[in-house]
Each structure stands twice: as structure tokens, then as C-alpha cells.
Amino acid sequence: MIHAHTKSPAQTKDIGAALAKIAKPGDLLILIGDLGAGKTTFAQGFAAGLGITKQVSSPTFTLASEYQGRLLLHHLDVFRLEHLSEVLDLDLFELLDGDNVTLIEWGNMIRQTLPTDYLEIAFTFTNSLETSPDERTIILQPTGNRWQNRANTLSETLQPWITR
Ligand code: ADP
Ligand code: MG
């Protein structure tokens, strides 16, 4: 488990961009955390790190958006119940097949349908919103061999933001 710390939306985007640099075809990242915790902000940085210039928006009203960069990015948000049922109809394994990488906001809600390998990224408010509204702690948990084998690369990549 890796704990990273960010003090601004820009830093959260930098973390996303840094992770995008080590992303491989078929990777799945699930983004967890309350509304406003920073999942979409992270996704925007991740997209930028893949060389995507198009603005990545919150996929609240659409289940999934696609953006072409170094890899094809699938950005999903399963928060809405209708999305949840749509995603159960959707073949996630097919989505993950090929030269693409998938980010799923609220992916914990569909954990039982996920493949065994993914990187879980949890966004939490470091302190109370009143005292430090722009601080977030990001907890990364590699699940399955695909990410556990990259644990060293992961911690090297995140070194600038790792708190001790
Ligand atoms: P989510 O997708 O988790 O609901 P968003 O990324 O859409 O969250 O929203 C996060 C909000 O919090 C944005 O308004 C962003 O500007 C603000 N914010 C403040 N500090 C941070 C930070 N360190 N990281 C990410 N977002 C932050
Ligand atoms: Mg969001």
C-alpha cells in the first residue's frame, strides 16, 4: 500500500500524469472516494500523461467516454444506478482487451465483476475540509500480479508525493 499526498488539484493531476507514463495496454485502475475527493481531477492528469489534449470531463451523465492518446483511454463512472446495471451488461474483459487503459470512478461498486488485476486508488480528505480544503491523501493498493509485479516502479514513480 502506498500513501501519496497532494496539496492542490494541479498536484493530483501530476500524480495522474506520472502514473499514465507507466501504464501498459490492458491496465485497469479503479478510483474510489467521496464526491469531490479528486477522482475526475486525477483522470484529467492521467489523460494528459497519455498525451490526450481533449478536455476530460466528469462522465456523470454518460457511462463511458473514450479518448485516444498513447493508449486508448476508457473513462467510466458507475456512480449512477443505471450505470451500474449497464456495466453489468457490459463485457469489462472485452473493454480491457487491446491497446487501451481503463479508469473506473466508483469501481468499488462493481468489484465483484472486475478482473482479478487492478490498481485501486482511494482519494481521501487529509484533514477536515474547513482546515485544509485542498489536501488529499491518495492510497494506492495493487491487486493481482499485474500490479504487484510493478510495486517498485509504482513507488519510484510516486516518490515525490510519498509521505513518510
Ligand atoms: P470526484 O471525481 O472525486 O467527485 P473531482 O475531481 O470532480 O472529484 O472534484 C474535486 C474537487 O476538489 C475539484 O473542485 C477540485 O478543484 C477540488 N480540489 C481541491 N484540492 C484538490 C486536490 N488536492 N486534488 C484534487 N482535487 C482537489
Ligand atoms: Mg468524478
Side-chain angles (χ1 to χ4, degrees), residues 1-23 27-69 71-88 90 92 95-96 100-114 118-143 147 154-155 157-164:
M1 206 149 75
I2 299 170
H3 283 70
H5 194 239
T6 143
K7 293 190 165 165
S8 67
Q11 276 185 12
T12 298
K13 286 181 190 175
D14 289 346
I15 293 173
L19 283 177
K21 301 285 184 212
I22 64 163
D27 275 350
L28 169 64
L29 292 82
I30 70 168
L31 312 181
I32 301 178
D34 291 341
L35 279 175
K39 302 180 294 298
T40 299
T41 303
F42 171 92
Q44 288 167 344
F46 191 92
L50 288 177
I52 291 160
T53 48
K54 228 174 127 183
Q55 175 67 25
V56 169
S57 54
S58 179
T60 308
F61 295 104
T62 47
L63 167 65
S65 307
E66 272 185 17
Y67 306 90
Q68 186 67 59
L71 301 167
L72 178 69
L73 173 65
H74 293 295
H75 182 205
L76 285 76
D77 185 323
V78 298
F79 181 67
R80 287 156 66 96
L81 264 184
E82 53 269 43
H83 289 178
L84 204 59
S85 54
E86 279 172 49
V87 100
L88 297 175
L90 190 131
L92 267 185
L95 197 72
L96 290 165
N100 55 47
V101 53
T102 302
L103 301 182
I104 308 181
E105 295 193 32
W106 299 98
N108 52 316
M109 291 171 70
I110 55 160
R111 209 184 282 278
Q112 69 278 13
T113 71
L114 296 176
Y118 54 86
L119 179 64
E120 176 174 320
I121 309 181
F123 297 80
T124 62
F125 295 88
T126 309
N127 298 303
S128 79
L129 260 180
E130 292 73 42
T131 52
S132 36
D134 294 343
E135 289 189 42
R136 306 286 189 273
T137 301
I138 302 179
I139 303 163
L140 298 101
Q141 174 81 62
T143 299
W147 285 99
L154 255 185
S155 49
T157 304
L158 293 166
Q159 209 52 50
W161 304 281
I162 287 178
T163 42
R164 46 187 92 244

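Quick note: residue numbers are just sequence positions, from 1. Counting starts at 1 for both ligands and their atoms, in listed order.
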Does [X] reach the side chain of [Y], with side-chain heavy atoms less than 4.5 Å apart?
X: V56; Y: S65; result: no
X: L29; Y: W147; result: yes
X: T124; Y: H3; result: no
X: E66; Y: L72; result: yes
X: D134; Y: T6; result: no

Which of the atoms of ligand 1 are close to [X], meaning less than 4.0 Å from one of its heavy atoms?
X: L35; result: 4 (O)
X: E105; result: 2 (O)
X: T40; result: 1 (P), 2 (O), 6 (O), 7 (O)
X: G36; result: 1 (P), 3 (O), 4 (O), 8 (O), 9 (O), 10 (C), 11 (C), 12 (O)

### Task
Could you establish whether D34 and ligand 1 come within less than 4.0 Å of each other, counting only heavy atoms on the residue side?
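Contact check D34 vs ligand 1: positive.
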### Task
Assess R136 for proximity to ligand 1: is some non-hydrogen atom of it under 4.0 Å away?
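Yes; R136 lies near enough to ligand 1 that a heavy-atom distance drops under 4.0 Å.
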Protein contact of [atom] - nearest heavy atom, named by residue and atom, plus distance:
atom: atom 25 (C) of ligand 1; answer: T12 OG1, 3.5 Å
atom: atom 16 (O) of ligand 1; answer: P9 CG, 3.4 Å
atom: atom 8 (O) of ligand 1; answer: G38 N, 3.1 Å
atom: atom 3 (O) of ligand 1; answer: K39 NZ, 2.7 Å

### Task
Please note down the angle at the Mg ion (ligand 2) between OE1 of E105 and OG1 of T40, to the nearest 10°.
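If I round to 10°, I get 90°.
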### Message
Using 0.5 Å steps for rounding, measure from the CZ atom of F125 to the CD atom of E135.
### Response
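Separation between the atoms: 12.0 Å.
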### Query
Does the side chain of H5 come under 3.5 Å of the side chain of Q11 through a donor N or O and an acceptor N or O?
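Distance-only check fails for H5 and Q11.
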### Query
Where the closest heavy atom to atom 19 (C) of ligand 1 is concerned, which of D77, D134, T41 has it?
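It is D134 whose heavy atom sits nearest to atom 19 (C) of ligand 1.
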### Task
Return the orientation label for the F79 and W106 ring planes: parallel under 30°, perpendicular over 60°, tilted otherwise.
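Geometry flag for W106 against F79: tilted rings.
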### Message
Is the contact between S58 and ligand 1 made by the side chain, the backbone, both, or neither, using heavy atoms and a 4.0 Å cut-off?
### Response
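Neither part.
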### Message
For a side chain to side chain contact (heavy atoms under 4.5 Å, CB included) check, start with the C-alpha distance between T143 and L114, then their side-chain angles and the critical distance, and finish with the verdict.
### Response
CA-CA 11 Å; T143 299; L114 296 176; over 6 Å; no
### Query
Can you find a protein heavy atom under 4.0 Å from atom 14 (O) of ligand 1?
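Not a single protein heavy atom is under 4.0 Å away.
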